[in-house]
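Following: one structure in C-alpha cells, then a few remarks.
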Amino acid sequence: MNDEHPSLRTEHWHRVWEEKGLFLNNPDERTKFFVNFPFPYVNGYPHLGHLFSFMRCDVMARYKRLKGFNVLFSQGFHATGQPIVAAAQLVKDRDEKQIALLLQIGIPESDIPLFENPEHWISFFSKAWKEDLKKAGASIDWRRSFITTDINPPFDKFVRWQYNKLQEKGYIVKGSHPVVWCPKAKQPIGDHDRKEGEGVTPEEVTLVKFTDSKGRVYPAMTFRPETVFGVSNMWINPEGEYVEVEVLDQKRKQIWIVSKDCVYSLEMQHFSPKELSSLKGKELLDEELINPVTHDKVPVLPASFVDMSNGTGVVMSVPAHAPYDYVALRDLKKELPIIALIKVSGYGKIPAKDIVERMGIKDQLDPKLKEATKELYKKEHHTGIITEQIKEFEGKSVSEAKEALITQFKEKGFATSYYTLTQPVISRQNARAVVALVDNQYFLNYSNPEWKKLAHECVDKMRFYPEQTRQNYHYTIDWLKDWACARDKGIGTRLPWDEAWLIESLSDSTIYMAYYTIAHYLQNPDHYNIKIEKIGDSFFTYVFLGEGKPSVVAKESGISEDLLQSIREEFLYWYEGGYDFRSSGKDLIQNHLTFSLFHHTALFPKEHWPSGISVNGYILLNNEKMSKSKGNFITFREAIEQYGVDASRFAMAFASDVTLDDANFDTTLALGFNGKLAAMMEFAKDQYGKGREEYKRIDSWFDYVLDQTIDACDKHYNNSETRSAMQVAYFDLSNHLKWYTKRTGGSYNKEVISRCILTQALLLAPVLAHTAEELFELLGQNCLASQAGWPTKKGEALDWMTEREQFISVDLVSRINKVKEMKNLEKISSLTIVQAPKLKFELFDAIKFLLEEKKDFKEILMHLNEKFPEEKKFIAKFLPKVFKEGITNYIKEEEEREILESLLAFLEREYSCKIVLKTASEFGEASTAIPAQPAIVVE
RNA sequence: GUGGGGAUAGCGAAGUGGUCAAACGCGACCGACUCAAGAUCGGUUCCUUUCGGUUCAAGGGUUCGAAUCCCUUUCCCCACACCA
C-alpha cells in the first residue's frame with residue numbers, strides 16, 4: 001500500500017470482488033463480450049510493457065461490464081518452446097549470467113537450484129503473474145485460467161485435437177525448408193545467434209547447367225535465369241580452388257564443377273556431393289561450354305570478381321545486361337557477340353554499356369560497378385520488356401517471363417533450384433553459415449491460396465484497433481509461407497500422429513481463446529465430476545463443432561449428456577463472433593495474430609471467427625526505451641508499489657491512445673496522481689449531497705457538459721482510446737468543474753454537483769477501479785462501482801441563453817485578465833462593461849437575416865454597405881469571417897443586458913470590485929464593442 | 001528493397017478545410033498557504049498585448065479561407081519469419 005494514499009484499500013476491494021464473484025461470468029440473457037490478452041510466456045516477472053497491453057484489456061472489460069455486457073475475461077499462461085528449458089539447463093550448468101539474472105530479479109540464492117527444473121520456472125512465474133495481475137486489480141475469471149504444454153493434460157488434449165483436425169483437413173503438409181545453418185554447431189541459427197548478418201534469409205536462386213565437351217556440368221548461379229539467352233561467355237576465377245564432384249540432382253547422377261567451398265552447401269541442400277578431384281580455376285580456361293538453352297558454344301574466361309565463398313564459383317556472363325560482365329569483357333579486350341534481351345526506357349540497345357559509360361566506370365575494380373548493377377537490375381526487373389531474342393515472351397514483362405522460364409528450365413533439366421545467402425552470415429561460433437534444407441518437416445500450409453483467401457475474408461469482417469492495422473494483416477497473409485510447426489527440442493504438446501515431434505510454440509497458440517469458454521470445466525474436473533483421462537477428440541469435436549452424437553460422445557468422455565450439452569452451449573454463447581477484443585503488442589501481427597486468424601478459418605465455421613484485435617506500440621518509460629542495461633526497467637509489481645495501483649493504472653491508460661506509436665509511462669504523472677486522487681475523494685466527501693435547490697443557467701450548462709462528457713468518454717472507451725477517455729473524464733471534466741465552481745462561487749446546485757461526482761467516479765471506474773469503489777462507499781451508495789452501470793445522461797439540449805451566457809462570460813473573463821495583466825494591476829478597483837451601440841446590434845441582425853436568406857457573398861456585402869454606409873470598414877473585415885461559419889457573436893441587446901446583469905455577482909466576487917454596466921450611449925465614447933463582446937474598461 | 005506509420009509550441013500530445021495562436025498533461029515562471037521544503041490551490045508560458053503580427057519539417061499549389069486537401073523534397077520510426 002502506498003503511504004501517500006492510505007485511503008485506497010486495494011486488498012480490501014480485491015477481497016470484496018472475489019467474495020462476490022464479480023468477474024466469474026456464466027452465460028445469461030445479456031449480450032456477451034469476450035476480451036483476452038495473449039498468454040504470456042512465463043520465464044520472468046511481468047513488466048511495464050505487459051501491463052500496458054493488459055490494461056487495455058482490463059479497461060475494456062470493465063467498461064463493457066458497466067455498459068451492461070456479460071464479459072468473459074480470463075488469463076492463461078504459456079510455457080511451450082525452448083527458452084525455459086534452455087534457461088533451466090543454464091542454471092544446471094552454473095552459468096553465471098543466467099544465475100545473476102535470477103538474483104537480480106530478487107530470487108534468493110538458496111532457491112537458485114530449484115530453477116534447474118523447467119517445471120519450477122513454470123510454476124514460479126505463472127504464480128508470480130497471477131499475483132501481480134491480482135495486485136493490479138485485474139478483473140479476471142480465474143476459474144478459466146490454465147497453462148500450456150503436457151503438464152496440463154486437458155489443454156494438451158485440446159491442442160492435439162486441433163492438430164488432428166488440421167491434419168484431417170489437409171492443412172498440414174510435409175516437406176523440407178531452407179534454414180540458415182551453422183556448420184560448426186550443426187544447427188539452424190536464428191537472428192539472435194548471429195555475430196553478423198542479422199535479418200539475412202535464404203533466397204532461392206537458379207543454377208543454370210552449362211556443359212563441357214566431357215559432359216561435365218558447370219552450374220552457374222543466377223537471380224536472372226531469363227538472361228541465359230544473352231550469355232556471351234562464362235567466368236571462372238583463375239586463382240580459385242575448384243573441385244569435380246559427383247552430385248545427385250533431380251534423382252540423376254551428374255559430374256559438376258564447382259568451387260571447393262560450395263561442396264558443403266551442396267551437401268546441406270541434398271545434392272549428395274562426392275568429391276572426385278580438385279583443380280585450379282586456370283585449368284578450366286580452355287574449355288568451351290554449351291549453353292543448355294540456346295545450344296551455343298561459349299568460351300570460359302578468367303575473372304577475379306568471381307566470389308569463391310558464395311555460390312558455385314561459376315558465373316555466366318551477360319554483357320548486355322550486367323555491368324560487371326560488360327566491363328570485364330572490355331578489360332580483356334575480347335570481341336564477343338553482345339546479345340540484348342531486354343528493352344528498358346531511358347537506356348539504349350545495350351543497357352549495361354549505357355550505364356557503364358554514363359557513370360564513367362573505369363575497370364572491373366571500380367566500386368561504382370556495384371551501384372550500376374543495382375540500379376540496372378532494379379530498372380530491368382520492374383520496367384523491362386523482353387525483345388524478339390526470346391520469341392516466346394516477346395513484349396512481355398521481365399518478371400512475367402522469369403517465372404515461366406524458371407519452371408520451363410527446371411522441367412527440361414537445364415536448371416535446378418538452389419538457396420543462397422545474399423550477405424555473409426557469421427554465427428556466434430564464428431563460422432560462416434550456409435543454407436541447409438531441413439527435411440521431413442511438418443508445415444502449416446499457409447502458402448495454400450485457398451486458406452489465404454479464407455484468412456483475407458476473416459480480416460475483411462473484423463474490427464481493428466487502430467483501423468490502419470487492417471492492411472498489415474492482409475499483407476502478412478499474402479507474405480506468409482508454409483510454417484514449420486514441429487520441433488524436436490523443448491516442451492509442449494506432441495504431434496498426435498508422430499510423437500517424436502513437439503508442436504512449435506506459435507503453432508499451439510492459435511485458437512486457445514476458444515478454450516477459455518469451457519476451461520473452467522476441464523481445469524476443475526473434480527468439481528464437475530469429469531475424468532480428464534477419458535476426454536478425447538470426440539469431446540472437442542462435439543463441443544467446438546457440434547459434430548457427433550451426444551449419446552456417443554457422452555459415453556466416450558464419461559460426461560453426462562446434460563453437462564455435455566451445457567458445455568457446448570457455453571461455447572456457443574461466448575464464441576459467437578469469436579473473441580471481441582484481443583489486445584497485444586504490434587510485433588505479434590506478423591506471426592501470432594495472423595496465425596490465429598488462419599486457424600480460426602481452418603477449424604471453425606464463420607460464426608466463430610474473431611471479431612476484434614487491438615495492437616499497441618511499445619511502452620517508453622519517461623520517453624526512454626526501457627532496458628535492463630539502462631537500469632530503467634521496471635516490473636509490474638515495482639510500478640504498483642512505487643506509484644500505487646490506481647495511479648499506475650491511470651498513467652498506463654494515459655500513456656497512449658490506440659496507435660502504433662510508442663506509448664509513454666510518465667512517472668511524474670503517476671506519482672503526482674495520488675494527491676489528485678486524494679483531492680478528488682476529499683471534494684466528493686465535502687460536496688456530495690450538499691448545495692442549493694435553485695436551478696440556474698450555469699447549472700444547466702454544467703448538466704449539459706456532463707452529458708457531453710459521458711458521450712465522449714463512451715466513444716473513447718469503445719474505441720479503446722484510454723488516453724482520450726482519461727482526458728475527457730478526468731482532466732477536461734475537472735477543468736469544467738473549476739469553471740462551474742468559479743461561476744457559482746462554490747455554491748453548487750445539489751443535484752448537479754452530486755451527479756457530477758458520481759458520474760466522474762463511474763467514467764473513471766474502468767481505470768480507477770479501486771478509487772471508484774472507495775468513492776461509492778464513501779458516498780453511501782448501495783452498490784459497488786464495478787456493478788453500478790454506465791452513468792445516465794440528463795439528455796437536455798443547451799438552451800440559447802445558457803449558451804450565450806457561457807460564451808460571453810468566458811470571453812469577458814479572459815479579456816479582463818489580459819488587461820489586468822497588461823496594466824500590471826495588483827487589484828482591479830473599477831470595472832466598466834460597455835455594450836455595443838444600437839447600430840451594431842442592428843447590423844448583426846441584418847447580417848443574420850441575410851445569411852439565412854441569401855447565399856451569395858457579394859450580394860450580402862452590397863446590401864449591408866447600402867444599409868450601413870458608416871460601417872463599411874467593419875463589414876469588409878467582419879463579413880468574410882462569418883460568411884461560411886455563421887454568425888457566432890449574435891445576440892439581441894436586451895438579451896445581452898440580461899446576461900450581463902446575471903453575471904454581475906460572479907464578476908464582483910471574482911475581482912472584488914464594483915462593476916458598472918453601461919450602454920454605448922451612456923458611456924459616450926466610441927467603443928470597440930460588438931454584440932456578445934462588450935467593451936471593458938479596467939482601472 | 002518491400003510494406004506500414006510519422007514530423008504540431010521547452011517536452012509529450014490533441015487537432016484532419018473556418019470560434020485555431022492551436023485542447024490537455026508535463027516542465028518552467030509568478031502568487032497564495034507554510035518557519036521552510038514538498039504537496040495543494042490560483043495565475044502566466046510564440047511576439048505584441050483588449051487591436052494586431054508570425055507560426056504547425058521545407059518548398060510549391062488548390063481555396064474567400066489550410067496545421068488540416070494536392071504535388072515535390074528532406075528527415076525519423078516499425079515489420080520482414082521458423083521464434084517468444
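It should be emphasised that the depicted structure is a prediction, and the values quoted were computed from it without experimental measurement. A, B, ... follow the sequence lines: proteins, then strands. Residue 1 opens every chain.
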Going by atom types only, do [X] and [Y] share a side-chain donor-acceptor pair under 3.5 Å?
| X | Y | answer |
| --- | --- | --- |
| A:Gln269 | A:Trp181 | no |
| A:Thr80 | A:Asp508 | yes |
| A:Asp478 | A:His456 | yes |

Can you check the [X] [atom1] to [N] [atom2] distance for me, whole Å?
| X | N | atom1 | atom2 | result |
| --- | --- | --- | --- | --- |
| A:Lys625 | B:rC76 | NZ | C1' | 12 Å |
| A:Trp181 | B:rC82 | CH2 | P | 14 Å |
| A:Gln441 | B:rA81 | CD | P | 17 Å |

Item to complete: Please say whether the positively charged group of A:Arg804, taken as NZ for Lys or CZ for Arg, lies over the ring of A:Phe807, i.e. under 6.0 angstrom from the six-membered ring centre and within 45 degrees of the axis.
Response: yes

Practice prompt. Kindly state whether the pair A:Trp479 / B:rC80 counts as stacked, where counting means centroids closer than 5.5 Å and planes tilted less than 30° apart.
Written response: no

Worksheet item: Has the side chain of A:Thr148 got a donor or acceptor atom that lies under 3.5 Å from a matching backbone atom of A:Ala79?
Response: yes

Worksheet item: Where each residue is assigned the nucleotide of RNA chain B containing its nearest heavy atom, which of A:Asp662 and A:Leu588 is assigned the position nearer the 5′ end?
Response: A:Asp662

Practice prompt. Using the closest heavy atom to pick a nucleotide of RNA chain B for each, name whichever of A:Trp483 or A:Gln590 lands nearer the 5' end.
Written response: A:Gln590

Worksheet item: How would you label the contact of A:Leu480 with the nucleic acid (heavy atoms, under 4.0 Å): base, sugar-phosphate, or nothing?
Response: base

Worksheet item: NA contact type, A:Asp811, heavy-atom cut-off 4.0 Å: base, sugar-phosphate, or nothing?
Response: nothing

[atom1] gap between [N] and [M], integer Å:
| N | M | atom1 | value |
| --- | --- | --- | --- |
| B:rG10 | B:rC56 | C1' | 16 Å |
| B:rC47 | B:rA66 | P | 24 Å |
| B:rC76 | B:rC71 | P | 22 Å |
| B:rC20 | B:rG12 | P | 24 Å |
| B:rU54 | B:rG65 | P | 15 Å |
| B:rA57 | B:rA39 | P | 35 Å |
| B:rA23 | B:rA9 | P | 13 Å |
| B:rU16 | B:rC70 | C1' | 14 Å |

Write out a two-atom table: protein N or O, nucleotide N or O from nucleotides 48-50 of chain B, distance below 3.5 Å.
| unit_1 | atom_1 | unit_2 | atom_2 | d |
| --- | --- | --- | --- | --- |
| B:rU50 | N3 | A:Ile936 | O | 3.3 |
| B:rU50 | O4 | A:Ile936 | O | 3.1 |

Worksheet item: Parallel, tilted or perpendicular for A:His78 and A:Tyr41, by the 30°/60° rule?
Response: perpendicular

Worksheet item: Can you name the side chain to side chain contact (heavy atoms under 4.5 Å, CB included) partners of A:Arg470, sequence neighbours left out?
Response: A:Val459, A:Phe464, A:Glu467, A:His474

Worksheet entry | Any A:Ser505 side-chain N or O less than 4.0 Å from OP1/OP2 of B:rA84 | yes

Discussion item. Strictly below 4.0 Å: does A:Lys742 bring a side-chain N or O up to OP1 or OP2 of B:rG43?
Written reply: yes

Fill in: Centroid-centroid under 6.0 Å between A:Tyr442 and A:Tyr163 rings
no

Find every protein N or O atom lying less than 3.5 Å from an N or O atom of nucleotides 20-28 of chain B, and list the pairs.
| unit_1 | atom_1 | unit_2 | atom_2 | d |
| --- | --- | --- | --- | --- |
| B:rC24 | O4' | A:Gln727 | NE2 | 2.9 |
| B:rC24 | O2' | A:Gln727 | OE1 | 3.2 |
| B:rC24 | O2' | A:Gln727 | NE2 | 2.9 |
| B:rC26 | OP1 | A:Lys676 | NZ | 2.8 |

Item to complete: Can you sort out the partners of A:Asp711 under salt bridge (Lys or Arg N to Asp or Glu O under 4.0 Å), two or more places apart, ordered by chain and number?
Response: A:Lys793

Worksheet entry | Any residue meeting salt bridge (Lys or Arg N to Asp or Glu O under 4.0 Å) with A:Asp811, in chain and number order, not counting sequence neighbours | A:Arg815

Discussion item. Does A:Asn591 contact B:rA84 through a side-chain donor or acceptor facing the base, at a distance under 3.5 Å?
Written reply: yes

Quick one: which protein N/O atoms are closer than 3.5 Å to N/O atoms of nucleotides 4-8 of chain B? Pair and distance per line, please.
| unit_1 | atom_1 | unit_2 | atom_2 | d |
| --- | --- | --- | --- | --- |
| B:rG5 | OP1 | A:Gln471 | NE2 | 3.4 |

